[in-house]
Amino acid sequence: MALDIVIMAAGKGTRMKSRLPKVLHRLAGRSLLAHVLATTAKLGPQRCWVITGHGAEAVESAIAGSGASPVRQMPQLGTGHAIAQVAPQLAERGTTLILNGDVPLIEAATARALADACAGQRLALLTIKLPDATGYGRILRSGDPEGGRVLGIVEHKDATPAQREIAEVYTGMMAAPTAALKRWVAALKNDNVQGEYYLTDIVAMAVAEGVPVVATHAHDDTEVLGVNSPLQLADLERRLQRRQAEALMEAGVRLADPARFDLRGSLSTGQDVEIDVGCVFEGDVVLGDDVRIGAHCVIRDAVIQAGAVIQPFSHIDGASVGAASLVGPFARLRPGAVLAEEVHIGNFVEVKNSTLARGAKANHLAYLGDATVGERVNYGAGSITANYDGAHKHRTVIEADVHVGSNCVLIAPLTLGAGGTVGGGSTVSKSTPPGQLTVARGKQLSIAGWKRPIKASPG
Ligand code: UD1
Ligand code: MG
């Protein structure tokens with residue numbers, strides 16, 4: 001049966017007090033709307049529409065390539081008016097599932113159950129009972145407020161004090177028989193407190209026509225919570241992070257504190273992984289068996305192999321760390337840093353677009369950019385590759401077993417031959433032969449009998 005999905009995203013989001021359209025604010029690293037689109041993609045092949053209005057251009061460019069098509073609503077005269085804009089494009093029969101761009105954590109199973117409850121014949125509403133229902137549309141039922149037939153939805157602003165006591169609310173998500181939906185939204189009126197075309201008024205129309213109205217329920221409130229303010233966004237972020245942390249811990253990952261853990265992307269983990277407090281993972285990160293991540297590391301798009309230890313306050317982006325390597329504290333691995341097994345990168349060492357072979361070490365205060373570093377190389381404190389001449393980047397090749405002393409400047413392009421040593425403080429601008437000591441600095445000189453100047457005494 002044809003399933004059309006409509007995601008409403010034209011609203012202003014006034015309470016965000018932001019220039020960014022509300023649905024483009026980020027939750028766990030991707031936009032609210034991207035969360036909803038990822039969920040709709042799980043519902044299988046269908047057509048998906050996004051109602052845009054406020055910030056339409058930004059929202060439309062954000063959904064380009066997602067498979068969803070934008071439908072502009074100008075001006076925004078209410079949720080019923082929003083659906084009326086897309087109605088001509090919906091299929092002639094089947095089910096239309098209506099979701100909200102600012103309710104990001106709706107689960108695919110719940111959305112599917114809602115569409116199934118409609119099955120092209122019934123009007124299905126997703127409802128939940130809330131201890132504080134302020135602001136929501138209340139579900140009106142005949143007789144028994146628990147089990148009676150659904151008769152309609154009354155908006156909070158239009159509700160009587162007695163109706164405001166009702167705990168069951170409309171979550172803003174429904175599934176409707178498409179042909180009837182088209183008819184109903186065309187007949188909506190805006191004679192209410194807000195002067196808007198309320199989509200929720202179609203419930204009474206369905207009841208009047210004898211179309212069955214059913215309610216399905218969300219399994220927890222997190223999946224139906226909307227984002228209207230920075231506070232609500234942060235609350236949802238913590239709920240989602242908690243959910244992700246619990247899933248990782250169930251898989252055996254030892255998080256020092258699930259409340260101080262942030263994953264903004266995907267994290268795949270081996271066995272006996274330990275993550276200390278305050279770490280942020282972004283993009284796609286892979287941690288092998290026995291990896292330990294110290295406190296306050298930021299790790300993005302990285303692969304960290306078995307047994308590697310990342311010490312506190314390290315920043316790793318677009319890099320790969322070999323098995324049993326030791327990184328940090330305060331290390332920075334930038335894109336293209338590829339460390340083999342048992343490499344040591346110590347404090348205040350920056351590595352960019354460089355490969356380090358097994359057992360290479362750069363333990364303190366150093367820069368390696370555009371370098372190829374051989375096995376067992378020891379790279380001294382304060383040494384740098386001068387890889388950029390102002391126009392081009394050049395490579396530095398440091399062959400196996402080279403020792404580079406402290407505070408050396410290696411002016412690329414050059415090759416340090418295998419097993420050679422570069423004396424501390426050298427500025428090396430030419431390749432060096434294997435096996436020899438190269439020193440490129442002023443010779444030390446001591447002057448006997450030299451007298452330090454003294455100030456003439458005043459007066
Ligand atoms: C709506 C429901 C209310 C429900 C609540 C759940 C109606 C009339 N009321 O109220 O019963 O309890 O959601 O959160 O539907 N939108 C448009 N175009 C518009 C107006 C809104 O696209 O002209 C979009 C908004 O961007 C938002 C969604 O529709 O994604 C809901 O709009 P909102 O103004 O938040 O409706 P509520 O007053 O919260
Ligand atoms: Mg709302």
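Note that ligands are numbered from 1 as they come in the structure, with each ligand's atoms numbered from 1 the same way.
Scored by the side-chain hydrogen bond (donor to acceptor under 3.5 Å, both in side chains) test, D284 finds S266 as partners (sequence neighbours excluded). Applying the ring-ring contact (aromatic ring centres under 6.0 Å, His included) test to Y367 and every residue at least two apart in sequence or in another chain returns nothing.
Atoms of ligand 1 lying under 4.0 Å from at least one heavy atom of Y170, given by number and element, are 3 (C), 4 (C), 6 (C), 11 (O), 12 (O). The ligand atoms of ligand 1 that sit less than 4.0 angstrom from a heavy atom of T79 are 7 (C), 8 (C), 15 (O), 20 (C), 21 (C), 29 (O), 31 (C), 32 (O). Of all atoms in ligand 1, numbered sequentially from 1 with element shown, those under 4.0 Å from a heavy atom of Y198 are 8 (C). Listed by number with element, the atoms of ligand 1 under 4.0 Å from a non-hydrogen atom of Y136 are 6 (C), 12 (O), 14 (O). For ligand 1, the atoms lying closer than 4.0 Å to a non-hydrogen atom of T200 are 7 (C), 8 (C), 9 (N), 11 (O), 15 (O). Within ligand 1, the atoms closer than 4.0 Å to a non-hydrogen atom of D102 are 30 (O), numbered from 1 in the order shown. Less than 4.0 angstrom separates some heavy atom of G137 from each of these atoms of ligand 1: 3 (C), 4 (C), 11 (O), 12 (O).
Salt bridge status for D370 with K393: absent, with no side-chain N to carboxylate O gap under 4.0 Å. E342 and R358 are joined by a salt bridge, as a carboxylate oxygen and a charged side-chain nitrogen come within less than 4.0 angstrom of each other. Salt-bridge check for K182 with E92: passed, with a basic side-chain N closer than 4.0 Å to an acidic carboxylate O. A salt bridge links R243 with E107: at least one charged nitrogen is closer than 4.0 Å to a carboxylate oxygen.
Ranked by closest heavy atom to atom 30 (O) of ligand 1, the top entry among N100, L199, I139 is N100. Evaluated by nearest non-hydrogen atom to atom 18 (N) of ligand 1, the leading choice among Q73, E196, Q194, Q76 is Q73. Of the candidates G226, G78, A10, it is A10 that places a heavy atom closest to atom 22 (O) of ligand 1. Selection from H54, M8, Q85 by nearest heavy atom to atom 24 (C) of ligand 1 gives M8.
Side-chain atoms of T134 and D132 include a donor-acceptor pair closer than 3.5 Å. For the 3.5 Å distance criterion, the side chains of S31 and H25 fail to qualify, holding no donor opposite an acceptor. A donor-acceptor contact under 3.5 angstrom links the side chains of T372 and R395, judged on distance only.
Between L410 and I398 there is a side-chain heavy-atom pair separated by less than 4.5 Å.
Under 4.0 Å from ligand 1, the heavy atoms of T171 that appear belong solely to its backbone.
The closest approach between E155 and ligand 1 falls below 4.0 Å for a heavy atom of the residue. Contact analysis leaves V169 out of contact with ligand 1, as no non-hydrogen atom separation drops below 4.0 angstrom.
Looking at ligand 1, you'll find an N or O of G11 within less than 3.5 Å of one of its N or O atoms.
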